[in-house]
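I have placed the structure first, in the form of structure tokens, so that the comments after it can refer back to it.
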Amino acid sequence: MTGTRVHTAPWVLTGTRAIRHGAVAVTGSRIAEVGSVDELRSAGEVVEWSGTLIPGLVNAYTHLQYTHMAALGQSSYDSFEAWSTAFEAEYSRRGDWRASAELGLEAAIRSGTTAIGDVVTHAEALNVLSAGRMHGIAYWEVMAWHDTDWSERGRQETLAVLAQATGPVGLSPHAPYSLDTGVLDDLGRLARELGLRSHVHVAESSAEHDYIADGAGPLAEQWRAWGHGEFALLRGGGAAVRPVIYADTLGVLGAHTHIAHGIYVDADDRARLRDTGTVVALCPRSNEVLGLDAAPVADYLREGNPIAVGTDSLSSSPSVDVLADVAALHRIARDQGYTAPDLHARLFTAATAGGAAAMGLGDEFGTLTAGKLADITVLGIEESTAADTLAAIVEAGEGSAVATIIDGETRFVRTAVSAQR
Ligand SMILES: [Zn+2]
């Protein structure tokens, strides 16, 4: 076979099985075959890696364009509202969002990421994923619109930005509290009409509940102070329901949507997320930086909610290394009493196939399977058994990426020099 490369390593974890001395044959941008080195060595030019080959890591939720705001994510906060005040001040001082996003993209590739759910707030950063030949979706974020402004010009302006996309694009109503009720309703309809994937921040702050249910509390006061007192919920004393239910009532949730955070959710909320097929991207390190509680990771796992992993942006997290958040989720699940033996496998899946499913791209990537895109991450981790190798990846995989292959093309290889950085 001509033009085929056979990537081999002491371990290959495909996402469904572990292969000792495994191999992934790649032809063009696709995986041709997966098997043992013995089976595949004659299929093409052999590339020998040490460590473990895994499906490319999927960062289901970040904002690459906030990479220049990394100083914020290196700090810590008492509350979501304290962080968002600091964020707004820093955001208004910043510019050159494209360069900032490009820097974030490079960091993501260096940490083994091959697909990203990137939430974008400036049109100049919209096409950074596609220009950088990164898989995933650029979600155009819509925020702080009142019903009347939205129907007069917001909808039109949003459609104009979406039309500029050179790659896969989605629609992100920012959050249940940051848009007027009619706008949320219209965005849910618009995503379905245009056949776009959606992303929304839900249940991130404990005060979000008081805002949505009663139009009261610190988050409601912050949005009133920012001049949004005309929002229907702030005028009318809330919707008398929890944020997840409110978002679902307006058509924002569904199998085309994934949410970020999902911290302050009860059993009914989690059931609603499952029933609607909404994936939850968990972002534990960002939550910790903001002084928030941990998401109910153990409950999500026990109850069978579809989950993915997001790093969030550097404005609220120390890095875009997905495996650092996987390790945090492992600690949290154990602390919350999750003792089932499938924990490592579940979290590994969340960071790969789970992220692909969150963006509706599970047929394209997320496992090492013949026919899927050749998105492969090489980790410098090798233990004597498959179980120990998987455990080391999940519990201590941060910083272990030694190579990143996207579409069959090796985009990053750690050298002795880059390892010292
Ligand atoms: Zn966000």
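Nothing here was measured: the structure is a model prediction, and the numbers come from that model. Atoms within a ligand are numbered from 1 in the order they appear, just like the ligands themselves.
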Consider only side-chain N and O atoms of Thr121 and Gln65, and report whether a donor and an acceptor are under 3.5 Å apart.
yes
For Tyr177 together with His228, are the ring centres under 6.0 Å from each other?
no
So that I know where these two stand, are Tyr61 and His199 an aromatic pair - ring centroids less than 6.0 Å apart?
yes
Give the ring-plane orientation class for Trp223 versus Trp226, where under 30° counts as parallel, over 60° as perpendicular and anything between as tilted.
perpendicular
Could you tally the protein N/O/S atoms lying less than 2.8 Å away from the Zn ion (ligand 1)?
3
Residue of the set Val119, Val120, Thr158 for which side-chain contact (heavy atoms from CB on, under 4.5 Å) holds with Glu141:
Val119
Is a side-chain donor-acceptor pair under 3.5 Å present for Asn59 with Thr311?
yes
